[in-house]
Amino acid sequence: MDRVEALNVVKQQLTEKRYVHTVGVMETAVKLAQIYGADESKVELAAIFHDYAKFRPIDEMRKIVSEQQMDERLLKYGVELLHAPVGAYLVKKEVEIYDEEVLNGIRYHTTGRLKMTLLEKIIFISDYIEPNRQFPGVEEVREMAFSDLNNALITSISNTINFLMKKQQPVFPDTLAVYNSLILKEEN
Ligand code: DGI
Ligand code: FE
Ligand code: FE
């Protein structure tokens with residue numbers, strides 16, 4: 001599927017604002033793919049579809065998590081987490097994209113996970129730094145992303161964990177796990 005077709009497909013699923021965000025993620029992710037030597041067309045596809053399920057009804061997403069026997073913890077830690085794994089499922093089913101590397105980029109773009117691939121890291125960080133994002137600390141991560149991907153990941157995850165803790169919201173265990181493993185330099 002080429003870029004124009006993919007963007008047309010995802011546009012129908014999103015609000016205008018979310019579509020603009022998606023284009024920002026796509027452009028950022030392709031730049032990072034060039035710098036770090038990732039597969040540009042896979043990165044582009046994962047970026048385009050990363051928020052595909054963002055506006056699905058919560059009940060529909062919860063049902064898919066249960067019926068498809070996804071990680072049960074997803075139902076406990078906050079509805080914001082659901083659109084990532086459910087998005088991977090729906091992109092496979094409805095858009096007929098079967099590439100597991102691309103689907104994993106979508107699946108883990110919100111929580112991260114241990115041993116993230118280069119593509120997964122690029123999608124995760126592009127989602128955080130794309131040009132339309134404006135929040136305290138984003139500029140620091142934006143600069144870091146182009147020189148030290150893991151450090152950018154550590155800083156963005158640390159910011160997100162702090163944000164969740166300030167609101168006394170739960171932090172998904174895999175998010176803490178990837179933070180720890182990067183801090184301890186247990187992975188590449
Ligand atoms: O879909 P986007 O808005 O582009 O970005 P996203 O997929 O990273 O979702 C961001 C939301 O997810 C934000 O409200 C914080 C929340 N979130 C991210 N990591 C975690 C989390 N929520 C919980 N409970 N635990 C996490 O580890
Ligand atoms: Fe998202
Ligand atoms: Fe996003």
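In each ligand, atom 1 is the first atom listed, and ligand 1 is the first ligand listed. Computed from a predicted model, the values in this text were never measured in an experiment.
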May I ask whether [X] places a heavy atom under 4.0 Å from ligand 1?
X: L164; result: yes
X: K54; result: yes
X: R133; result: yes
X: P170; result: yes

Going by an N to O cut-off under 4.0 Å, is there a salt bridge joining R142 and E139? yes
Which of the ligand 1 atoms, numbered from 1, are nearer than 4.0 Å to a heavy atom of H109: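 This gives 7 (O) as the contact atoms.
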Run the numbers for me: atoms of ligand 1, each under 4.0 Å from some heavy atom of T160, listed by number. 18 (C), 19 (N)
Considering heavy atoms of the protein only, find what lies nearest to [atom] and give residue, atom and distance to 0.1 Å.
atom: atom 25 (N) of ligand 1; answer: F172 N, 3.3 Å
atom: atom 27 (O) of ligand 1; answer: T175 OG1, 2.8 Å
atom: atom 8 (O) of ligand 1; answer: D127 OD2, 3.5 Å
atom: atom 24 (N) of ligand 1; answer: Y77 O, 2.7 Å

Out of E80, Q169, R18, whose heavy atom sits nearest atom 10 (C) of ligand 1?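 That would be E80.
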Going by heavy-atom distance to atom 9 (O) of ligand 1, choose the closest among T110, T22, L81. T110
Tally of protein N, O or S atoms, where distance to the Fe ion (ligand 3) is under 2.8 Å: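 Step by step: take the Fe ion (ligand 3), keep protein N, O, S below 2.8 Å, and you get 4.
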Counting only heavy atoms not in R18, do more than 12 sit closer than 6.0 Å to its CZ atom?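 More than 12 within 6.0 Å, yes.
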Looking at I58, I'd like to know if its CD1 atom is crowded, meaning that more than 12 non-hydrogen atoms belonging to other residues, nucleotides or ligands lie closer than 6.0 Å.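 Not more than 12 within 6.0 Å, no.
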Candidates E100, E120, E101 - the one meeting salt bridge (Lys or Arg N to Asp or Glu O under 4.0 Å) with R107: E100
Result of checking R113, R73, K115 against D174 for salt bridge (Lys or Arg N to Asp or Glu O under 4.0 Å): R73
Any donor-acceptor pair under 3.5 Å from T175 side chain to T111 backbone: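 Side chain of T175 to backbone of T111, a donor-acceptor pair under 3.5 Å: yes, one is there.
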Quick one: does T111 get an N or O within less than 3.5 Å of an N or O on ligand 1?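 No; the residue has no nitrogen or oxygen that sits under 3.5 Å from a nitrogen or oxygen of the ligand.
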Polar atom proximity, H21 to ligand 1 (N or O, under 3.5 Å): yes
Can a donor-acceptor pair be found between the side chains of E130 and T28 at a distance below 3.5 Å?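 Per modelled atom types, E130 and T28 side chains form no pair under 3.5 Å.
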Member of K167, K166, M165 meeting the side-chain contact (heavy atoms from CB on, under 4.5 Å) criterion with F163: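 Single side-chain contact (heavy atoms from CB on, under 4.5 Å) partner of F163 among K167, K166, M165: K167.
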To the nearest 0.5 angstrom, please state how far the OH atom of Y128 sits from the CD1 atom of I157.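 Between Y128 OH and I157 CD1, I get 10.0 Å after rounding to 0.5 Å.
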Taking the six-membered ring for Trp, are the ring centroids of Y52 and Y89 within less than 6.0 Å of each other?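 Not under 6.0 Å, so no.
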